[in-house]
Protein chains: 2
Amino acid sequence: MAGRVRQKSNMQHMRSAGAGKVTIAQVAREAGVSKTSISRYLGGELDALSAPLREQIRSTIARLGYQPSQMARGLKGGRTKLIGMLVADILNPYSVAVLHGAEAACQEHGYTLMLCNTGNDEKREKQSLAALHSYSVEGLLFNTQGRNVTPLKELGQAAFPVVLLDRRVEGCDFDLVGLDNVGAARMATEHLLSSGYSDIGLVVQPLQGVSSRQGRQAGFLQAMSTRPDCHGETLEVHIDQPGHVATTVHEFLKRRRNQNGDGRVAILAGNGMVSLQIALALQSMKLRFPEDIGLLCFDELSWSPLVGSGISTIEQPTYDIGFAAIERLLARINGESAPRREILLDGRLIPRGSSKLAQDMVL
Amino acid sequence: MAGRVRQKSNMQHMRSAGAGKVTIAQVAREAGVSKTSISRYLGGELDALSAPLREQIRSTIARLGYQPSQMARGLKGGRTKLIGMLVADILNPYSVAVLHGAEAACQEHGYTLMLCNTGNDEKREKQSLAALHSYSVEGLLFNTQGRNVTPLKELGQAAFPVVLLDRRVEGCDFDLVGLDNVGAARMATEHLLSSGYSDIGLVVQPLQGVSSRQGRQAGFLQAMSTRPDCHGETLEVHIDQPGHVATTVHEFLKRRRNQNGDGRVAILAGNGMVSLQIALALQSMKLRFPEDIGLLCFDELSWSPLVGSGISTIEQPTYDIGFAAIERLLARINGESAPRREILLDGRLIPRGSSKLAQDMVL
DNA sequence: CTGTTAGCGCTTTCAC
DNA sequence: GTGAAAGCGCTAACAG
């Protein structure tokens, strides 16, 4: 057993074709080196290997088509290269758009996404959290439903890397990436105001505890407060309750016309889901924009230009939000311990027909 | 060392709150039983445990908040409870809708989805495949881009569980779940024909190798062949090429009007992405439906009812497709070795204004 | 019924 | 520089 035990013999690579598991041990044997060296090679500790050794390993790995098992790697060191993403509602185009950016960032950094849709349900949120935990994800991207955040708080206490998307959570000091809701809503409202609308209804889903909605309301109120001659109102709707949106809008319109017959009424839709319901409601009521009512919606959607003379929107940089969120998370995973940070990206106004109030327009 | 070594002493559960890792060994120690028994308990081999033992374990697990590590479990037995999903394009609403069903099914069966978006790119497809492989996913849901399928074929040879979504792959005998494209396209075409349209253009993205598109063309041609008095034509478009769709439609329309001045022209859009481009193109050309041109689109989208008098669509049971695909995959994972199977679900026609050709309509 | 003993594939001290 | 050995948390024979 003196010297190196190079036994390049029996090259029985009978599995070469199949995706059959080649293990680090096999590679070591075939290359005539120790598992340790292979491991070092994989870990990028190249300066710890001699040039010939390095080459020997490289070629053997290539020849055998060896791929290290992330599961096994994760088991020891904890670097699973896994990131969990909890999405409040995968049917919401916003979520998917953010997911797109997040997935791209993951791929770029060699991470893989484990996706769970919670369907805005507390229980599923908790279950998903447990599932992701059991895979030792290194961090979490979290678009929470907002209520009952105890499990989230526990993560916070454990100093587990989490980045919140869109919605802040009371009492947790996680980083957050999202839209500058206040600014965007102010801009939106000002656009409507300066377009000549005097009576504006902000239509949102229930505000309770959802910070992004509250932010949008705040911006809305801010902008409205600069114009005492105009009227602003927040209208909460339940979009899963058929007809509720239509009724709400209808009553708002009637009310404003009674109060202020000369006023011009507009709706500011709080997000993409609401936009759709509003558009559907206006259609069912045979109301056209901008003739009968003005409309400006949060979230640019593929079909925004298509309806009527086009729906004006506030576009969110969704891809960037997702991408930035992953990068923030990676920073935390890699040990950054700076205080909580919020990254708020700007929205962009895309004016279209729905908010264009022709001065000479006849009712 | 005689008898049981019950040392329920030092209950130092100082981590109770944090998500800190409790291991099977700790549980075993605290419960005063062997790891094996715990493992059996976890594995559901309850009949192999005595009632008191069972209870002892149950309570200890609960008290410690123990959660087994899936990574470790997977390392040994291979049951990682992980399913990989490769999506050709996450921006495609079809993909997301299917993902929705797939994720739900996974959750229901205790599996977790690892999601990779390949962006219709061969290279990323290969990389993602490798990544998923390195996590020992038990099976794959695959919505491939279609070209260069060698890596897929290798999986086939290795008898790895794969279920294809929507698109068949030449030379692989994987199960497939998708739409009955031929039937749906036939139904669509017949609807247009019976509505009085005589000149129909099927607008699709490049057919080359994409079985679902070919299937739709086949159904289209079948239906057209029953009406020698009518004219059908397949128009391939590149939707990422600005203006191409508009030009194609415009030329088709002009051509048909020259050939057949009395004919009624309609477009059958091959999928949701195409639909959007068509709608945009018609708008830019100031063409209205059904007055100027008929329109029927594959894929029901949230905004289908909103544009003009509503766009008629062929709805796919996307959620069911995703759900069924996972169940098919699970069957394979659990050892089913029946010959290749295709599950083709039916589409549903949703007629709206865009295909309603009023008999007394004035051009 | 229950526990002991080996590993799964990889990383990581700690020697040489 | 390089390797042997000891686990990571769990499951799976194999004994009693």
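Throughout, protein chains are lettered first and strands after them, A, B, ... in sequence-line order, and every chain is numbered starting at 1. Every value quoted in this text rests on a predicted model; they were computed, and no experiment measured them.
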Donor-acceptor contacts under 3.5 Å from residues 64-73 of chain B side chains, at least two apart:
| unit_1 | atom_1 | unit_2 | atom_2 | d |
| --- | --- | --- | --- | --- |
| Q67(B) | NE2 | A130(A) | O | 3.2 |
| S69(B) | OG | M71(B) | N | 3.3 |
| S69(B) | OG | A72(B) | N | 3.1 |

Please report, rounded to the nearest Å, how far the [atom2] atom of [N] is from the [atom1] atom of [X].
{"X": "I57(B)", "N": "dC1(C)", "atom1": "CD1", "atom2": "C1'", "result": "11 Å"}
{"X": "Y135(A)", "N": "dG9(D)", "atom1": "OH", "atom2": "P", "result": "17 Å"}
{"X": "L64(B)", "N": "dG9(D)", "atom1": "CG", "atom2": "P", "result": "14 Å"}
{"X": "Q56(B)", "N": "dG3(C)", "atom1": "CD", "atom2": "P", "result": "11 Å"}
{"X": "L46(B)", "N": "dT2(C)", "atom1": "CG", "atom2": "P", "result": "12 Å"}

Quick one: side-chain hydrogen bond (donor to acceptor under 3.5 Å, both in side chains) pairs with a partner in residues 325-337 of chain A, sequence neighbours left out?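 Passing the test, one end in residues 325-337 of chain A: H109(A)-E327(A), D175(A)-R328(A), D175(A)-R332(A), R328(A)-E336(A).
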
Going by salt bridge (Lys or Arg N to Asp or Glu O under 4.0 Å), name the residues that satisfy it together with [X], two or more places apart in sequence or in a different chain.
{"X": "E122(B)", "answer": "none"}
{"X": "R54(A)", "answer": "none"}
{"X": "R58(B)", "answer": "E55(B)"}
{"X": "R341(B)", "answer": "none"}

I need a per-nucleotide contact map over nucleotides 9-16 of chain C, read 5' to 3'. Cutoff is protein heavy atoms under 4.0 Å; write B for the base, S for backbone only, - otherwise. BBBB----

Pairing residues for R40(A) by the side-chain contact (heavy atoms from CB on, under 4.5 Å) criterion, not counting sequence neighbours: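 Partners of R40(A) under the side-chain contact (heavy atoms from CB on, under 4.5 Å) test: T36(A), E45(A), A48(A), L49(A).
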
Mind checking the CD1-OG1 spacing from I333(B) to T80(B)? Nearest 0.5 Å is all I need.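 Answer rounded to 0.5 Å: 8.0 Å.
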
With a 4.0 Å limit, can you tell me whether S50(B) has a side-chain N or O closer than that to the phosphate oxygens OP1/OP2 of dT2(C)?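 Answer yes for this pair, as a side-chain N or O of S50(B) is under 4.0 Å from OP1 or OP2.
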
Helix axis bend for the helix from dC1(C)-dG16(D) to dC16(C)-dG1(D) - C1'-based end axes, five pairs, 10° rounding: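 For the helix from dC1(C)-dG16(D) to dC16(C)-dG1(D), the axes at either end differ by 40°.
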
